[in-house]
Protein chains: 2
Amino acid sequence: MTTATSSRALEHPTRDQIRLEAVLHALADPVRLRIVRDMARERAELSCSYFDLPVTKSTTTHHFRVLREGGVIRQTYRGTAKLNALREDDLEALFPGLLATVLAAADAQVTREDATA
Amino acid sequence: MTTATSSRALEHPTRDQIRLEAVLHALADPVRLRIVRDMARERAELSCSYFDLPVTKSTTTHHFRVLREGGVIRQTYRGTAKLNALREDDLEALFPGLLATVLAAADAQVTREDATA
DNA sequence: ACGCTAGTACGGTAACCATCGTAGTACGGC
DNA sequence: GCCGTACTACGATGGTTACCGTACTAGCGT
């Protein structure tokens with residue numbers, strides 16, 4: 001109503017509310033890990049519909065909420081779309097190197113799987 | 001029966017069976033994260049009873065099993081005790097830097113909590 | 001053999017979680 | 001205003017998890 005680019009508010013933990021256990025839990029699911037990997041690769045704010053996930057839309061919403069409430073991503077409404085951004089700065093400040101290391105680990109695992117398959 | 005130092009076999013995933021998601025899930029629980037931190041700090045094979053955890057013995061067994069089946073620790077019987085060791089070499093080979101980064105993140109979080117409290 | 005210590009196995013419970021379908025809201029375009 | 005697209009909210013369901021207590025096994029010491 002008042003502002004232009006966004007309208008509804010989304011609950012996000014503040015930086016100091018982010019808990020390591022919640023971040024690890026958010027990253028421990030294959031669907032969510034894939035989302036985070038895609039976001040890190042594209043390095044841009046992506047809408048939820050960008051991702052081609054093997055689950056329905058309502059389940060997708062659920063996974064994005066877990067990521068948001070865990071402090072891994074930041075979501076903002078932009079018209080009818082919802083843009084998702086990794087909270088790289090917050091995570092780096094809290095847990096230096098964690099996100100990069102997990103992403104590298106995920107890459108390594110996928111590489112190994114491809115080699116085996 | 002046959003060998004001397006150990007007797008019963010425990011199921012462990014082989015190195016190539018270790019999955020990142022399982023490792024992250026194992027580390028995402030506060031009790032298990034604390035166990036892993038203690039093991040990394042002491043840098044020795046510790047018996048289960050070394051740890052002073054806020055749960056009962058049967059729950060402790062459960063958590064150690066999750067860590068073992070996730071590939072985070074290796075357990076061996078040694079007489080009446082069961083020795084626990086971090087699988088640092090396997091984890092490092094699969095996911096370089098992951099364990100150290102998570103442990104550093106856990107330390108950082110505890111430090112922040114102590115400063116706030 | 002007996003008891004002590006360390007840990008397991010089993011069974012149960014309550015909470016959580018990933019998943020879905022359906023119905024609904026918000027926004028942009030026509 | 002109407003429709004389509006993007007996403008949400010709600011309710012249900014089945015599977016997993018964290019936790020417990022009790023009963024049990026394995027090894028050590030005496």
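Proteins get letters first, then strands, A, B, ... in listed order; numbering begins at 1 in each. Worth knowing before you read on, the calculation uses all heavy atoms, side chains too, and leaves out hydrogens, waters and symmetry mates.
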> Distance check: side-chain N/O of A:Ser49 vs OP1/OP2 of D:dC7, anything under 4.0 Å?
Replying inline: yes
> Given D:dC7, C:dT19, C:dG7, which nucleotide is nearest the side-chain atoms of B:Ser47?
Replying inline: C:dG7
> Whole Å only: how far is the CZ atom of A:Phe64 from the C1' atom of C:dA18?
Replying inline: 15 Å
> OP1 or OP2 of D:dC20 sitting under 4.0 Å from any side-chain N/O of B:Thr59?
Replying inline: yes
> C:dA15 P sits how many Å from B:His62 NE2, rounded?
Replying inline: 17 Å
> Is a side-chain N or O of A:Arg15 found less than 3.5 angstrom from the main chain of A:Leu94, in a donor-acceptor match?
Replying inline: no
> In whole angstroms, how far is the C1' atom of C:dA6 from the CZ atom of B:Phe51?
Replying inline: 14 Å
> Between atom CZ in B:Arg65 and atom P in D:dT16, what is the gap in whole Å?
Replying inline: 14 Å
> Within the structure, does a side-chain N or O atom of A:His63 lie under 4.0 Å from either OP1 or OP2 of C:dC17?
Replying inline: no
> Taking CG from A:Leu27 and C1' from C:dA18, how many angstroms apart are they, rounded to a whole number?
Replying inline: 17 Å
>> Can you measure B:Tyr77 atom OH to D:dG27 atom P for me and round it to whole angstrom units?
In response: 9 Å
>> Applying a 4.0 Å non-hydrogen cut-off, can you work out what A:Thr60 is touching in the nucleic acid: base, sugar-phosphate, or nothing?
In response: nothing
> Can you tell which of C:dA18, C:dG7, C:dG21 lies closest to the side chain of A:Val66?
Replying inline: C:dA18
>> Starting the side chain at C-beta, find the nucleotide from C:dA26, C:dT5, C:dG7 nearest to B:Thr80.
In response: C:dT5
> What distance do A:Arg74 atom CZ and A:Asn84 atom CG have between them, rounded to the nearest 0.5 Å?
Replying inline: 12.0 Å
>> In this structure, how many angstroms lie between the P atom of C:dG7 and the CZ atom of B:Arg78, rounded?
In response: 14 Å
> Closer than 4.0 Å, any side-chain N/O of B:Thr56 to the OP1 or OP2 of D:dC20?
Replying inline: yes
>> Rounded to whole Å, please give me the gap between NE2 in B:His25 and C1' in C:dC17.
In response: 10 Å
> Any side-chain N or O of A:Arg32 less than 4.0 Å from the OP1 or OP2 oxygen of C:dA18?
Replying inline: yes
> Is the side chain of B:Gln75 donor-acceptor paired with the backbone N or O of B:Ala85 at a distance under 3.5 Å, no angle test?
Replying inline: no
